[in-house]
Amino acid sequence: MGRQLMSYNPFGLCVGRRPLLTCVLSLLLAALCGSGLLSWRSGQSELDLYMPQDSPVRAAADFVDANFREDIRYEIVIVEADNVLEPDVLRTIAEVEHDIKTTVAGDGQGWEDICVRYTSWFQDATTPGAAGTAGAGPQGVPELPDEFKRVLQQAGLMKNDCVYQSLLKLWPRGLPANLTLADVQRIVSKGMRSSKSVLTDVSSLLAGVKNDTNGKIISAKAVIFNWLLQESNKTALEWESEFLHRVFNSNRTKPKGMNIYAVAKRSYYDMLDKVLDSNMTVLFAGFSLIILYVILMLGRCNLIQQRIYLSLLGVSIVGLTILASYGFCFYMGFFFGPVHPILPFLLLGIGVDDMFVIVDSLDHVTKKHSNLDIPERIAKAVQTAGISITVTSFTDIVAFGIGMTTQMPFLHSFCMFAASGVLFLFIFEITFFVGCLTLDEYRVAAKREGCCFMKLREWKPNSLSQKNFLFDVFSKYIAPGLMKTPVKILVIIITLVLVSFNTWCILQIDQMFDMTWYLDKTSYPIQFYDKLNEYFPKYGKRAGIYLTNVSYYDDAPKLQYLSKKLRENPYLNQDSMILWYEEFERWLKDNNHEPEGEDDYKGYLSEYLIFTKEGQEHLKDLKFSSFPFGDYNITTTHLPIQYVVLNTSQQQLAAMSTIFETLQSLNLTADKHAVAYSPDYIPWYTNKLVGEELLRNLGLSVLAVAIVTLVLIQEIQITFWVISCVIFTLVDLVGSMYLYGLTIEVSTSIMVLLCTGLTVDYAAHIGYEFSRTTGDGNERAMTALRLMGPAVFNGGLSTFLAFVLLGFSNAYIFTTFFKLFTSVVVFGCFHGLFFLPVVLSWFGPPSYSHPDLQTDVDGCPALPKSVTLQNGHCLSGAEGGEPSIIIDQDKGQSATGHHLLPLNGNGGTHHIVHTEELNPERESMLQPQPKGLDKW
């Protein structure tokens, strides 16, 4: 320990003698690393953020993108009313539909320019070499016999109109002015029975339908509309914004009880960005609270000893850290993810903690060694605080380093940013901040006030500003009160009760992850999805099975086996499962068709898909090498499936796994492929990774933190109790999640990992200070609390202030931050400031220094009140004053002479009383020692 302390002394002395140069070099380092910001990278897609490169979900997504890319963006509107069939409601719906069709983006493109058309169902239908080649008809429809054209026109395919689903298609010429409810009921009932195409079928568009005794529709509670855009059209995003604006913000008068809900493909990320942006204001307000708190606590309430600029410069270290660490990470090829914006506030909490430790150390050094010059005092302060902030910083770095072993790309990147951030924060704290602190000490020594630097020659500090109230609270009340045996027993009991209760809570926590949780609870996408689940549950969690290069004639037995396994799957909604090849087989039997080969099979399939209402429903689920007439091939098939309601992560994972296992059991040949994919698989698989990695990462982090703490503190007993505090705090933290109603998911797992590093800070400072003091257990524990308790409390409170305003947010992710960081501050401070001193006073290692010697603020032995030396020499001193050396050759003789000699090189003198002249050898023992050898 002494060797580690001495290593910081020359460094601190170097900074203390060259503060301005140190600050300039720190700024240059930040600028050099910060140039990496020019290579800024952001992770955009969910696959890039959450899925490992070798995950089956990413492989399936890549397969679907390559073989069944749907160039479609869905825009959906739900209208709710007491009866959506009322003429007034339908007229309002017609106004909404008119607004949508007349929506124009900034570049002049409207609905007709960017909509999906009927030929969009056919892969490459308008590309060279496919259906859209020379000789083709208008809009890419190939030339067909007249009888085909006539049937296609009746089916609605020949016109190649824009594709959308609307109840108002039942009135192709518009709603008549004299429309009555009876007319609507009659037309809708007829339309439910006689629609010729899935694209004009209204049966799936109504919800909450009521019929009379004759089966005639009399009312419906809700109606849904689907609008389809071309994904590849660059104007689609801008058009969607106008679409949402037209739906929500038009000044139309709605009938009583009518509500309109809408969502576009861009809605989720738009609202997620809005949540982040709106709460950033709250976060920066918390940032301001920390700055104000640092200004109040770092200095004194008088003109000279105030530290306003030092506080601001100290907080600015977070900016330097972000500049350097972000630039460094971008140089290394990492990307910026959705949770990275919380890093500045995490770094601010850690940085403020280190600032308080350094400044408190300097204040104690100044009180003990006021006669030393400023560089020497700075050196002693850095020597004292160096190991303490090294322990906390490097344990944080190790914890985040363990987190980098995760498979999830965004978490891997986040931990890299966090680890490098803590490293640069440590560097700037011991260089830039210490340099600024040295310059501020020169200002104080010159008696220049802290705002305009005006020199105050006759200044004296007021008595109130010289009081350290927090230090007094810990010294006079908390430390001595905590060392009373009944209080110790109470602290142990409370700790055991908390750990036991929260262990039980951990066993009750569910593992769930729903990406809509991250949106504001009052946002329009949440309202839409609530109504979607209420009225149209079949639009819930859907997936698809994709088959390529399969011969649907020769591989019919395997397709029948697939159908059987899907029908037996308890996680699938059997009522909504419609497989096109089953329906086609049924149509063949009903029409007495028996294909005699592959070509015959495809010929019947063309007739089924184009000329029958049932077949038209499946056009969207097949991709062809060309228009499905004549010589063509089915390149890829999509089999839509829908899950039942899955309430837990275990059910979601089981539902996904059973589909994967079923497809593997098909044993298709190497040139044939079968995969399953859904966008919902991304959060489901992410949840699987979180569950697998959380416990492993926590265990490895705690182990690594223990090793680092042991290496730096070099006391196995203290390390054991410090790590016990870390484990107890984590147990209490995770247990509190159950009481908050939180689950194990991505954001909570990240925060628990963050808190692993923070929990060390609360205990390591106290444990380290205990290791370097002397006396019995109670005395050492009280000394550690007096010296480090205020700094630990200030660090915890500053972390709490950074997130306290988030408690008023409506966003799940920010209220979760508030709850968990509040818990880690409360439990961390309790274990670090109460439990740890108690157990160390009972079970801490013995002092390895002279039992009668106390340590000073530098960790070196301090002179006690009375020490008897050889030949009757005695060292004594009054409490708080300079000791005197009294030398008596014979105990009963009176003093015959006096010498005033400096004893410790600090400029103080000590009263020497002797009964005879000292010989040169004995007198030399009392002379000042050479500098550097003046410690007892």
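Side chains included, hydrogens not; waters and symmetry mates left out as well; all remaining heavy atoms used.
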Answer with yes or no whether the side chains of [Y] and [X] bring together a donor and an acceptor at under 3.5 Å.
X	Y	result
Tyr581	Thr637	no
Tyr571	Gln651	no
Arg266	Ser241	yes
Asn67	Thr548	no
Asn83	Lys221	no

Could you go through Tyr529 and Tyr261, starting from their C-alpha distance and side-chain angles, then the distance that decides it, and tell me whether this counts as side-chain contact (heavy atoms from CB on, under 4.5 Å)?
CA-CA 9 Å; Tyr529 287 121; Tyr261 308 92; over 6 Å; no

Using a strict 4.0 Å threshold on nitrogen-to-oxygen distance, state whether Lys531 and Glu80 make a salt bridge.
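Yes, Lys531 and Glu80 are salt-bridged.
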
Are any non-hydrogen side-chain atoms of Glu75 and Leu228 less than 4.5 angstrom apart?
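When only atoms from C-beta onward are counted, Leu228 and Glu75 do not touch, as no gap falls below 4.5 Å.
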
Given side chains that start at C-beta, do those of Trp239 and Val104 come closer than 4.5 Å, heavy atoms only?
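No. Closest side-chain heavy atoms not under 4.5 Å.
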
Ring-face cation contact, Tyr164 with Lys169, 6.0 Å cut, 45° max
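Yes; both conditions hold, so Lys169 lies above the ring face of Tyr164.
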
Starting from the C-alpha separation in whole Å, work towards a yes-or-no answer on side-chain contact (heavy atoms from CB on, under 4.5 Å) for Leu663 and Leu562.
CA-CA 8 Å; Leu663 297 182; Leu562 175 61; 4.0 Å; yes

If you count every heavy atom of other residues, nucleotides or ligands that lies below 6.0 Å from Phe808 atom CZ, does the total exceed 12?
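Not more than 12 within 6.0 Å, no.
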
With sequence neighbours excluded, residues passing side chain to side chain donor-acceptor pair (under 3.5 Å) with Gln527:
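Testing Gln527 for side chain to side chain donor-acceptor pair (under 3.5 Å), a comparison that skips the adjacent residues, returns none.
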
Using 30° and 60° as the class limits, which term best fits the ring planes of Tyr677 and Tyr681: parallel, tilted or perpendicular?
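The rings of Tyr677 and Tyr681 stand perpendicular, inter-plane angle above 60°.
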
